[in-house]
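Side chains included, hydrogens not; waters and symmetry mates left out as well; all remaining heavy atoms used.
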Number of protein chains: 2
Amino acid sequence: MDHLAGDIDARGTEPDGFEGTRPDCRGPVASFGIGELAAEFGLTHRTIRHYEEEGLLAPARSGTVRVYDHRDHARLALICRGKRLGFSLAEIKEFLNLYDSDDAQVEQMRYMRGIARRRISALEQQLADVQQTLGELYRIDTQISEHLGRNGITETQDMEEKHS
Amino acid sequence: MDHLAGDIDARGTEPDGFEGTRPDCRGPVASFGIGELAAEFGLTHRTIRHYEEEGLLAPARSGTVRVYDHRDHARLALICRGKRLGFSLAEIKEFLNLYDSDDAQVEQMRYMRGIARRRISALEQQLADVQQTLGELYRIDTQISEHLGRNGITETQDMEEKHS
DNA sequence: CCTTACGTTTACGTAAACGTCAAGGAAGGG
DNA sequence: CCCTTCCTTGACGTTTACGTAAACGTAAGG
């Protein structure tokens with residue numbers, strides 16, 4: 001928890017209020033406003049602030065305004081993926097700590113390896129579930145299409161031919 | 001919806017109150033009580049009743065007592081998998097209708113093929129997510145293990161060697 | 001007959017993950 | 001100066017997916 005907020009004021013936040021769209025920033029983009037992130041990830045401002053309330057994000061502040069850097073951007077991407085995978089915010093929070101752990105002590109690392117392995121088990125189960133369900137859905141789709149085709153119905157659009 | 005409840009009283013529910021554990025039932029097991037299902041799937045009674053309230057299950061009744069057959073059992077398995085995949089009960093309900101649709105009309109089938117295809121898209125995305133996340137977690141686990149090993153720490157247990 | 005196990009309905013409670021106002025600050029443009 | 005745009009902090013509302021408590025029925029076993 002602590003090391004997330006540890007370097008918040010140690011980064012070179014430009015003193016002027018003009019970030020993210022400037023053409024001479026080295027690297028892709030240096031910082032983002034909440035609106036940019038919201039648009040990019042398809043979230044609302046409220047949602048992003050909620051993640052901060054829950055301790056998943058800790059953006060810098062320029063005065064009162066939130067300023068997100070590439071690290072926050074990466075974290076948010078992980079949060080979104082975690083959500084798509086059906087994890088709770090609390091689980092995602094644990095999960096995130098796996099990524100920014102350089103300074104970890106031995107016990108801490110053992111602990112986190114435990115978390116990682118449990119999550120691996122869950123995801124392996126989920127992988128099997130997804131594959132099985134996809135297989136069944138492909139069959140259903142094919143069956144329906146055949147049934148419709150047999151009766152001389154015009155097709156609307158075709159699925160990609162992945163389910164061969 | 002209707003065809004789910006259509007044959008509720010048409011099945012051979014034994015007149016005596018002794019089902020499921022009798023040795024001469026043809027097939028694996030003919031019917032289950034709510035407790036058996038709960039234990040088997042790791043759910044509470046409340047949860048199973050809740051699924052019924054939401055229209056995901058429609059077990060037969062022996063008097064007031066719920067009696068589940070192999071069909072209900074299969075549906076419940078699908079419900080659990082859907083839940084592990086992060087779908088809402090409403091989505092799972094739609095999903096279930098894909099499975100017991102023999103009597104479907106053409107428009108109905110088109111509609112359901114649409115549902116199936118949307119779900120396929122979602123699951124394909126999810127499959128990619130799971131695989132990517134698993135890959136990253138394998139790397140994290142390996143890194144931590146190496147780090148611990150380098151410092152001469154005794155290992156606790158090893159993961160299966162899938163992440164080779 | 002009493003207990004125990006298992007089941008029932010009804011109804012209110014709750015945790016998570018936001019949505020939705022309300023009310024306002026700060027910056028830039030016309 | 002005003003307007004618009006983007007952002008802020010509360011704070012209460014909502015949906016989903018059950019939990020939980022109350023009060024009761026039924027059937028087997030001692």
Handout entry: Rounded distance (Å) that lies between atom C1' of D:dC18 and atom NE2 of B:His45
Key = 15 Å
Practice task
Could you tell me how the ring of A:Phe95 sits relative to the ring of A:Phe87: parallel (under 30°), tilted (30 to 60°) or perpendicular (over 60°)?
Solution key: parallel
Problem - Check ion pair A:Arg46-A:Glu53 (N to O, under 4.0 angstrom) - result: yes
Practice task
Give the nucleotide from the list C:dG7, C:dA16, D:dA17 with an atom nearest to the side chain of A:Ser88.
Solution key: C:dA16
Problem - Spacing of A:Leu43 atom CG relative to C:dA17 atom P, expressed in whole Å - result: 14 Å
Handout entry: Sequence-distant partners of A:Thr47, side chain to side chain contact (heavy atoms under 4.5 Å, CB included), two or more places apart
Key = A:Leu43, A:Thr44, A:Tyr51
Problem - N or O in side chain of B:Thr47 less than 4.0 angstrom from D:dA17 OP1/OP2 - result: no
Handout entry: Whole-Å distance separating the CD atom of B:Glu54 from the C1' atom of D:dT16
Key = 9 Å
Practice task
Starting at atom CG of B:Leu56, determine the distance to atom P of D:dT16, rounded to an integer number of angstrom.
Solution key: 13 Å
Practice task
Take atom CZ of B:Arg84 and atom P of D:dA17, then tell me their distance rounded to the nearest Å.
Solution key: 16 Å
Exercise for the section: Starting from the 5' end of DNA chain D, give me the residue, A:Glu52 or B:His50, whose nearest nucleotide shows up first. Expected result: A:Glu52
Problem - First encountered from the 5' end of DNA chain D, between A:Arg49 and B:Leu89 - result: A:Arg49
Practice task
Could you tell me if the ring centre of B:Tyr68 sits under 6.0 Å from that of B:His73?
Solution key: no
Exercise for the section: Tell me whether the OP1 or OP2 atom of C:dC18 has a side-chain N or O from A:Lys83 closer than 4.0 Å. Expected result: yes
Practice task
Ignoring backbone atoms, test whether A:Thr44 places a side-chain nitrogen or oxygen under 4.0 Å from the OP1 or OP2 oxygen of C:dG19.
Solution key: yes
Exercise for the section: Quick one: label B:Tyr51 by what it contacts on the DNA or RNA (base, sugar-phosphate, nothing), any heavy atom closer than 4.0 Å. Expected result: sugar-phosphate
Completion exercise
When rounded to whole Å, the CD to P distance for the pair B:Glu53 and D:dG19 reads 12 Å
Practice task
Nearest whole angstrom, please: distance from the C1' of C:dT14 to the CZ of B:Arg46.
Solution key: 12 Å
Problem - Separation of C:dA15 P from A:Glu91 CD (nearest whole Å) - result: 17 Å
Completion exercise
Contacts of B:Arg49 meeting side chain to side chain contact (heavy atoms under 4.5 Å, CB included) (sequence neighbours excluded), chain-then-number -> B:Ile34, B:His45, B:Arg66
Problem - A:Arg61 side-chain proximity, nearest of C:dG7, D:dT8, C:dA17 - result: D:dT8
Practice task
For A:Thr64 and for A:Ala90, find the nucleotide of DNA chain C with the closest heavy atom, then tell me which residue's nucleotide is more 5'.
Solution key: A:Ala90
